[in-house]
Amino acid sequence: MFYDDVMTAVDFIKTKTGQKPELGVVLGSGLGALVDFMENREYIPYSEIPGFSLSEIKGHEDRLVFGTIGKTSVVAMQGRFHFYEGFSMKQVTFPVFVMKMLGIKDIIITNACGGINESFRPGDMMIIDDYVNSLGNNPLIGPNDDRFGPRFPDMSEAYSKQLIVFAEEKAKELGLDNIQKGVYALFPGPCYETAAEIRALRVMGADAVGMSTVPETIVSNYLGLNVLGIACVTNMATGISKTKHSHEEVLAVADMISEKLCKWVKYMVENWNF
Ligand code: HPA
């Protein structure tokens with residue numbers, strides 16, 4: 001049933017575009033400007049695609065954007081779904097299943113996050129090298145469909161080591177100096193964490209915290225995709241930050257980071273040869 005739902009979306013999309021993406025990109029809050037660098041753009045609003053949900057979060061356009069960067073054919077999600085909006089984990093990750101069945105092999109997942117590691121600063125970009133799922137939920141719970149992947153997928157390389165090295169190399173070539181690397185913890189939201197929760201997450205090994213990315217990462221691994229994760233530090237986490245959090249602040253800083261992130265991702269995708 002779920003397989004059929006995914007294929008219905010895939011078949012619909014194929015009636016709208018002949019593009020055959022090799023790379024998927026998930027654009028987090030305020031980070032959607034990457035699509036401006038794509039050529040041959042074609043847009044499909046989520047509202048038209050069977051099986052897609054509709055997110056109501058500010059800073060999201062809610063559409064799939066097809067196009068090319070250099071020689072690479074890309075499908076970008078301008079807007080994603082979050083667990084805290086009330087969507088099921090299958091709804092949150094539905095587009096990843098669809099992008100896989102459209103042919104992508106690799107995926108770049110971006111987000112805005114709070115910095116837990118005190119050497120980080122707002123404006124930094126963190127290459128994600130592992131995750132902590134503190135959600136108490138998982139998108140793969142339920143019957144398994146072997147056509148997608150195994151019942152018990154391995155997560156020892158949740159973020160591709162090869163892509164991490166590649167991202168580091170390309171950042172160096174561009175002279176980006178605010179690149180960090182670390183562990184991203186998923187917190188359910190929608191409220192920001194308490195200071196005690198941040199201390200707990202730090203003990204669990206987290207360098208940054210956010211409300212997304214991990215469900216998409218789990219499903220991507222399950223589907224055999226190579227994942228590159230980039231978390232943009234828009235604020236320091238609760239208890240470290242001297243000020244209270246607001247979504248407006250997150251969007252404003254994400255907007256400032258967006259230019260550097262776009263430059264970096266564009267350069268990586270232009271040189272994508274995996
Ligand atoms: N916590 C959770 N999610 C976030 C944060 C944060 O501090 N900043 C941006 N997204």
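Heads up: numbering here begins at 1 and tracks the sequence.
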Quick one: does R41's side chain have a donor or acceptor within less than 3.5 Å of a partner on D36's backbone? yes
List the atom of V65, the atom of M38, and the distance in Å for their closest heavy-atom pair. O-CE, 3.4 Å
When you check the gap from the basic side-chain N to the acidic O, do E42 and K16 get nearer than 4.0 Å? no
Grab the two heavy atoms, one from I116 and one from A237, that are nearest each other, plus how far apart they are. CG1-CB, 4.0 Å
Look at the rings of F81 and Y46 and say which category their plane angle falls in: under 30° parallel, 30 to 60° tilted, over 60° perpendicular. tilted
State whether a side-chain donor-acceptor pair under 3.5 Å links D124 with N178. no
Step by step, would you call N273 with N271 a side-chain hydrogen bond (donor to acceptor under 3.5 Å, both in side chains)? CA-CA 6 Å; N273 58 350; N271 290 283; over 6 Å; no
Side chains of I109 and R80: closer than 4.5 Å at any heavy-atom pair? yes
I'd like to know whether Y131 forms a side-chain hydrogen bond (donor to acceptor under 3.5 Å, both in side chains) with T217, so could you lay out the CA-CA distance, the side-chain angles of the two residues, the decisive distance to 0.1 Å, and finally the verdict. CA-CA 9 Å; Y131 71 73; T217 299; over 6 Å; no
With heavy-atom distances below 4.5 Å as the criterion, would you say the side chains of K90 and F2 are in contact? yes
From CG (L102) to CZ (F66), nearest 0.5 Å: 5.5 Å
Do L228 and N226 touch side chain to side chain, with heavy atoms closer than 4.5 Å? no
Looking at T72 and V269, would you say the former's side chain and the latter's main chain have a donor-acceptor pair under 3.5 Å? yes
Between OG of S212 and NE2 of H82, what distance do you get to the nearest 0.5 Å? 5.0 Å
With distance as the sole test, does T93 use its side chain to make a donor-acceptor pair with the main-chain N or O of V219 at under 3.5 Å? no
Check ion pair E173-K170 (N to O, under 4.0 angstrom): yes
Any donor-acceptor pair under 3.5 Å linking the side chain of Y184 with the backbone of D129? no
Is the closest basic N to carboxylate O distance between R202 and E118 below 4.0 Å? yes
For P150 versus N144, what's the shortest heavy-atom pair and its separation? C-ND2, 3.6 Å
Could you go step by step and tell me if F187 and S134 meet the side-chain contact (heavy atoms from CB on, under 4.5 Å) rule? CA-CA 6 Å; F187 197 81; S134 66; 4.2 Å; yes
Closest approach of E193 and V209, non-hydrogen atoms and distance? OE2-CG2, 3.5 Å
Smallest separation among heavy atoms of A208 and C113, with atom names: CB-SG, 3.7 Å
Check whether D207 reaches the backbone of V183 with its side chain - one donor and one acceptor, N or O, closer than 3.5 Å. yes
Taking the side chain as C-beta and beyond, is there a heavy-atom pair between K260 and W264 under 4.5 Å? no
Hey, mind stepping through V227 and S160 against side-chain contact (heavy atoms from CB on, under 4.5 Å) and telling me if it holds? CA-CA 6 Å; V227 184; S160 157; 5.9 Å; no
Under 4.0 Å between a Lys/Arg side-chain N and an Asp/Glu carboxylate O for E270 and K71? no
Does the plane of the ring in F274 sit parallel, tilted or perpendicular to the ring in W272? Use 30° and 60° as the thresholds. perpendicular
Please report the interatomic distance CG(D255) to OG1(T234), rounded to the nearest 0.5 Å. 12.0 Å
Could you name each residue pair satisfying ring-ring contact (aromatic ring centres under 6.0 Å, His included) that touches residues 189-221, not counting sequence neighbours? Y192-H245
Quick one: does L261's side chain get under 4.5 Å of V265's, heavy atoms only? yes
Using the rule given for side-chain contact (heavy atoms from CB on, under 4.5 Å), can you reason through I127 versus E168, listing the C-alpha separation, both sets of side-chain angles and the distance that settles it, and then say yes or no? CA-CA 8 Å; I127 299 172; E168 286 176 318; 3.5 Å; yes
Could you check whether the rings of F148 and F97 sit parallel, tilted or perpendicular, using 30° and 60° as the cut-offs? perpendicular
When you group the ILVMFWY residues by side-chain heavy-atom contacts below 4.5 Å and let the links chain together, are V165 and L174 in the same group? no
So L140 and I218, do their side chains get closer than 4.5 Å, heavy atoms only? yes
Are the side chains of M236 and P122 in contact, using a 4.5 Å heavy-atom criterion? yes
Between CG of L23 and CE of M268, what distance do you get to the nearest 0.5 Å? 9.5 Å
N/O donor-acceptor pair under 3.5 Å between N133 side chain and N137 backbone: yes
So, the side chain of S241 versus the backbone of T238: is there a donor-acceptor pair under 3.5 Å, distance only? no
Are a donor atom and an acceptor atom from the side chains of N111 and T213 found within less than 3.5 Å of each other? yes
Within a strict 4.5 Å, meaning less than it, do heavy atoms of the F94 and V6 side chains meet? yes
Checking K100 side chain against L223 main chain: does a donor-acceptor pair fall under 3.5 Å? yes
Any donor-acceptor pair under 3.5 Å linking the side chain of E157 with the backbone of K161? yes
Separation between CG (D130) and OG (S156), nearest 0.5 Å, reads 9.5 Å
More than 12 non-hydrogen atoms from neighbouring residues, nucleotides or ligands closer than 6.0 Å to CD on Q162, yes or no? no
For the student: nearest non-hydrogen atoms of V92 and P215, plus distance: CG1-CB, 4.0 Å
Return yes if a side-chain donor-acceptor contact under 3.5 Å exists between Y222 and D154, otherwise no. no
Return the CE to CD distance between M99 and E22, rounded to the nearest 0.5 Å. 14.0 Å
Is a donor on one side and an acceptor on the other found under 3.5 Å between the side chain of T110 and the backbone of I230? no
If you count the non-hydrogen atoms of other residues, nucleotides and ligands that lie under 6.0 Å from CE in M256, is the total more than 12? no
For side-chain contact (heavy atoms from CB on, under 4.5 Å), just list the numbers for I44 and I13, CA-CA rounded to whole Å, side-chain angles, deciding distance to a tenth of an Å, and then say yes or no. CA-CA 8 Å; I44 309 180; I13 290 166; 4.0 Å; yes
